[in-house]
Amino acid sequence: MAIQSPKGTKDMLPQDSATWQWIEQTMREEAALAGYQEIRTPVFEYTELFERGVGDTTDIVQKEMYTFLDKGERSITLKPEGTAGAVRAFVEGKLFAGALPVKVYYLNAPIFRYENPQSGRLREHHQFGMECFGAKEPTADTEVIASILHILHRLGLRDLGTHINSIGCPVCRPGYHQALKEYLHQHFDQLCPVCKDRFDKNPLRILDCKEEQCIRVTQNAPLTLDHLCEECDQHFKSLKELLTAQGIAFKVNPKIVRGLDYYTKTVFEITMQTSRGELALCGGGRYDGLIQEIGGPAMPGVGFGIGTERIIMELTNQGIPLPQVSVSDVFVAHLGEEALVPAFTLAQALRRGQIKADSDHGKRSLKAQFRFADKLGVKLMVIVGGDEMSRGVVKVKDMASGEETEVALDQAVPYIQAKLNENKEEARHG
RNA sequence: GUGGGUGUAGUUCAGUGGUUAGAGCGCCAGAUUGUGGCUCUGGAAGUCGUGGGUUCAACUCCCAUCACCCACCCCA
């Protein structure tokens, strides 16, 4: 049996590369417009980074990390999310000492979580993320939300849900936890077994449970929004105003909790509709305590991560046409073995002339070369045959019109350049 | 971790115990002796996931096992 890719991983095959590159290009451009620069951090980090950053009571840390000991007995973990690594690099690179805020993005960083794969869920997936370090104002929250929505809009996606919430800060959270636990305690018997377990460890997570019995209990549970301190309340109000002023439609969803412990104040999700309900495309929020937790100065931050595979899933769901790129614009066919090298040489010359050109490496029949070239989607076919070679010419055939022209071999490159430009012009005006 | 489904040609799939396991698409060739798409004709291509069992006979029934897909939980 042939070796397969590991469970939950997926190859990006050549037929998908144009789609990925198009998405990446859009992300780069939109991030640059907002003043974000690229950052790349290692695929693996010391496990402690995620235990401290993401939080050791979260599902991610407790059961979903790819953790192993390296040969030096150090505990290593493959990135289960993008923010902690970016924050670590920000602190280690002492970027906090320079001009603030520092705004960075990471492009399709591989993210690993040990889960059972299914539709829209992989063990390795890729995330684009934007992080703004050193700005506590809600304009920063608005900026990152607006950027990702612009990206999704430019890709052609519509009807996505933007959900926001505020989960408070270390000032207001203890009071909220107490209120929530008091409430849940009265209905403890009605909770699902998993949530009974969560009660002590992470009561906030119970709000996110989808078990019917728990939804019934949590319907009337106290909300973080009703227990915000003055500062958090103002921040959230201001965020809502800013979003509205930017023309961004959103819904306040007081049940959004997020699966990472570092969030403070703003949390948000951008969701898509699937046959099985809503699925998060993008998740993010504010993390005003994280930079300090990781050993940096007390400094606020806000950002998000978005899964590229899920973007592609949604592009497909919405039937949005994906970019098709012709592999080659010109194919140089040889006729007879003696023409093989001259055809190859001409293809090389075309490439030096900035033309995407290809030729046959084998001894295929002219017909087979035509069929192959047709599948590549070439615009022009060049035929190098014995008859033409003896007269120092080649034939150039326009694949769309079928029209054939004889061209002197030493004029072939400029002729083809001109011909392709002409076609391009026609396409633009037609 | 728990439950459901599916494994047959390169691929998508048909095939409910009985000759030599089929089809569409793809691939190769011919019709067109130097020309693609459309059409027609022909051809190559299979350890029927793997291991065991029942049977005169197994792709088909039974058991085990592996892989993949889907769902729950949680998330991107």
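Side chains are part of it too, since the values below use all heavy atoms of this structure and drop only hydrogens, waters and symmetry mates. Chain A is the first sequence line, chain B the second, and so forth, proteins listed ahead of strands; every chain is numbered from 1.
- At the heavy-atom level, A:R310 lies under 4.0 Å from base atoms of the strands shown.
- The residue A:E81 sits apart from the nucleic acid: no heavy atom pair falls under 4.0 Å.
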Protein-nucleic acid N or O pairs under 3.5 Å, nucleotides 68-70 of chain B:
residue, atom, partner, partner atom, Å
B:rC70, OP1, A:S119, N, 3.4
B:rC70, OP2, A:S119, N, 3.1

Its dot-bracket string being built from Watson-Crick and G-U pairs below 3.5 Å, with | for another strand and [ ] for crossing, RNA chain B has the pattern (((((((..((((....[...)))).(((((.......))))).....(((((..]....))))))))))))....
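- Base engagement by A:E388 is indicated by at least one non-hydrogen atom pair under 4.0 Å involving a base atom.
- Within the nucleic acid shown, A:G386 has no heavy atom closer than 4.0 Å to any nucleic acid atom.
- Between A:R258 and B:rA76 there is a side-chain polar atom (N or O) within less than 4.0 angstrom of OP1 or OP2.
- Between the side chains of A:T308 and A:N108, at least one donor N or O lies within less than 3.5 Å of an accepting N or O.
- Between the side chain of A:E404 and the base of B:rU35 there is at least one donor-acceptor pair of N/O atoms closer than 3.5 Å.
- Comparing B:rG30 with B:rG22, their C1' atoms sit 24 Å apart, to the nearest whole Å.
- Of the listed nucleotides (B:rA76, B:rG34, B:rA29), B:rG34 has the atom at the smallest distance from the side chain of A:L366.
- Shown here is A:H177, whose NE2 atom has more than 12 heavy atoms of other residues, nucleotides or ligands within 6.0 Å.
- Each of A:I383 and A:V257 was assigned the nucleotide of RNA chain B with the nearest heavy atom; the assignment lying further toward the 5' end belongs to A:I383.
- Nearest to the side chain of A:R113, among B:rC75, B:rG36, B:rA29, sits B:rC75.
- Residue contacts for A:I306: at a heavy-atom cut-off of 4.0 Å it reaches no nucleic acid atom on any strand shown.
- Across all strands, A:E115 comes closer than 4.0 Å to base atoms (heavy-atom distances).
- With a 6.0 Å cutoff to the six-membered ring centre and a 45° limit on the axis angle, A:R40 does not count as a cation-pi contact of A:Y106.
- Atoms CD1 and SG, on A:I167 and A:C172 in that order, are 9.5 Å from each other to the nearest 0.5 Å.
- As judged by a 4.0 angstrom heavy-atom cut-off over every strand, A:L279 is placed among the base-contacting residues.
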